[in-house]
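Read through the structure below, which is laid out as structure tokens, and then see the notes.
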Amino acid sequence: MRYQDQLVRQTQKALDDIARAARAVPEDKADWSPGGEARSVLSQMQELATGGAWFLPIIKDRTVPLFDEHARQEAAKLREKYSTVDECVEAARQSTSDLCQSIQAFPDAELEEEMTLPFGTYTMADLLAFHYWNLVYHFGQINQIQLLLGDKRMH
């Protein structure tokens, strides 16, 4: 099995897992935060709704998205258009599907090529997995919120 095929399988499963967990949080608690800088389920899902699309130019065109203040504000505006977990899940499914198509088409011979982003230098193999990593990262945060809300079931 190719690395890209396994990564697509893991990414799709991670999206299914986080969608199930986020939808298990009561709707009236979707925007609840445990406090401080901790983000709500909705906030995290808004990020994931647009996350696949953010990684797409890195994989398809080898271009680094802008990380300046204007780009962050534009990303925040885009995320705000999703007001429910269900809207976020549907958007995440579409952007992740598009990203997974690019991951599957990625040439084996280019996996070891490196690309520098503002936060480090990575191989393309690493970068192909960033969306997967981000899904799993937020899955853990959402599970923690569920526990704080008293839900001890594994979703």
Side-chain angles (χ1 to χ4, degrees), residues 1-25 30 33-34 36-82 85-147 154-155:
M1 174 184 298
R2 291 175 67 230
Y3 168 74
Q4 296 90 318
D5 296 332
Q6 176 62 16
L7 184 56
V8 164
R9 256 187 18 205
Q10 289 178 302
T11 300
Q12 291 169 335
K13 182 183 181 315
L15 180 57
D16 288 343
D17 290 343
I18 198 166
R20 186 178 58 254
R23 285 177 165 154
V25 173
S33 168
E37 296 295 315
R39 293 171 58 197
S40 69
V41 170
L42 181 60
S43 172
Q44 293 177 70
M45 292 304 295
Q46 287 169 322
E47 176 185 325
L48 297 175
T50 60
W54 189 87
F55 290 107
L56 202 53
I58 294 172
I59 293 169
K60 284 181 78 171
D61 307 321
R62 312 297 194 282
T63 59
V64 178
L66 294 175
F67 285 92
D68 62 11
E69 186 57 33
H70 176 72
R72 281 192 287 280
Q73 288 175 1
E74 290 301 310
K77 284 182 199 173
L78 181 60
R79 291 173 182 161
E80 287 174 4
K81 79 177 197 174
Y82 303 106
V85 168
D86 283 335
E87 289 174 354
C88 293
V89 168
E90 293 314 309
R93 287 200 189 285
Q94 183 58 55
S95 68
T96 299
S97 175
D98 295 343
L99 181 65
C100 285
Q101 288 175 14
S102 291
I103 291 171
Q104 281 184 312
F106 197 85
D108 293 344
E110 297 176 23
L111 288 170
E112 293 302 316
E113 289 181 10
E114 291 186 341
M115 189 169 178
T116 300
L117 279 68
F119 41 85
T121 299
Y122 303 91
T123 66
M124 290 307 297
D126 293 331
L127 290 170
L128 292 179
F130 268 34
H131 185 56
Y132 165 73
W133 174 87
N134 200 37
L135 288 164
V136 173
Y137 170 78
H138 288 296
F139 181 50
Q141 290 181 316
I142 289 172
N143 283 323
Q144 180 66 22
I145 288 172
Q146 288 171 316
L147 285 171
M154 184 68 126
H155 295 279

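One is the number of the first residue; the rest follow in order along the sequence.
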Partners passing salt bridge (charged side-chain N to carboxylate O under 4.0 Å, His left out) against [X] (at least two apart in sequence or in another chain):
X      : result
Lys13  : Asp17
Glu113 : none
Glu114 : none

side-chain contact (heavy atoms from CB on, under 4.5 Å) assessment of Ile58 paired with Leu117: CA-CA 10 Å; Ile58 294 172; Leu117 279 68; 4.0 Å; yes
Roughly how far, to the nearest 0.5 Å, is the [atom2] atom of [Y] from the [atom1] atom of [X]?
X      : Y      : atom1 : atom2 : value
Asn134 : Phe139 : CG    : CZ    : 14.0 Å
Tyr132 : Ile103 : OH    : CD1   : 12.0 Å
Met115 : Leu127 : CE    : CG    : 6.5 Å
Ser102 : Leu128 : OG    : CG    : 9.5 Å
Cys100 : Gln10  : SG    : CD    : 11.0 Å
His138 : Ser43  : NE2   : OG    : 8.0 Å

Side chain to side chain, [X] and [Y], heavy atoms closer than 4.5 Å:
X      : Y      : result
Leu56  : Ser95  : no
His155 : Val25  : no
Cys88  : Leu48  : no
Val89  : Val85  : yes
Gln4   : Leu7   : no
Gln44  : Ile18  : no
Phe106 : Leu111 : yes

Pairs involving residues 42-54, ordered by first then second residue, that meet salt bridge (charged side-chain N to carboxylate O under 4.0 Å, His left out) (sequence neighbours left out):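 Qualifying pairs, neighbours excluded: Arg39-Glu47.
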Flag for Thr123-Asp126: side-chain donor and acceptor within less than 3.5 Å: yes
Donor + acceptor pair across side chains of Thr116, Thr121 (<3.5 Å): yes
Heavy-atom pair with the smallest gap, counting every atom of Ile145 and Ser40: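 Shortest heavy-atom separation between Ile145 and Ser40 comes out as CD1-C, 4.2 Å.
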Nearest atoms (heavy-atom pairs only) where Arg93 meets Ala19: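 Closest approach of Arg93 to Ala19, heavy atoms only: NH2-CB, 3.8 Å.
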Given His131, Gln101, Gln12, the one that forms side-chain hydrogen bond (donor to acceptor under 3.5 Å, both in side chains) with Thr96: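 It is His131, the one option of His131, Gln101, Gln12 that forms the side-chain hydrogen bond (donor to acceptor under 3.5 Å, both in side chains) with Thr96.
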Qualifying side-chain hydrogen bond (donor to acceptor under 3.5 Å, both in side chains) pairs with a residue from residues 55-64, counting only residues at least two apart or across chains: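 Non-adjacent pairs meeting side-chain hydrogen bond (donor to acceptor under 3.5 Å, both in side chains): Arg62-Glu110.
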Sequence-distant partners of Asp5, side chain to side chain contact (heavy atoms under 4.5 Å, CB included), two or more places apart: Met1, Arg2, Gln104
Identified ring-ring contact (aromatic ring centres under 6.0 Å, His included) counterpart of Phe130 within the set Trp54, Tyr122, Tyr137: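 With Phe130 as partner, Trp54, Tyr122, Tyr137 yield a single ring-ring contact (aromatic ring centres under 6.0 Å, His included), made by Tyr122.
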Flag, side chain of Tyr3 to backbone of Ala125, donor-acceptor distance under 3.5 Å: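 It does hold such a pair.
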Donor-acceptor under 3.5 Å (Gln46 side chain, Tyr82 main chain):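 Yes, Gln46 side chain to Tyr82 backbone: donor-acceptor pair under 3.5 Å.
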Residues Lys77, Glu80: salt bridge by 4.0 Å N-O rule: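 Here Lys77 does not pair with Glu80 in a salt bridge, since their nearest N and O are not under 4.0 Å apart.
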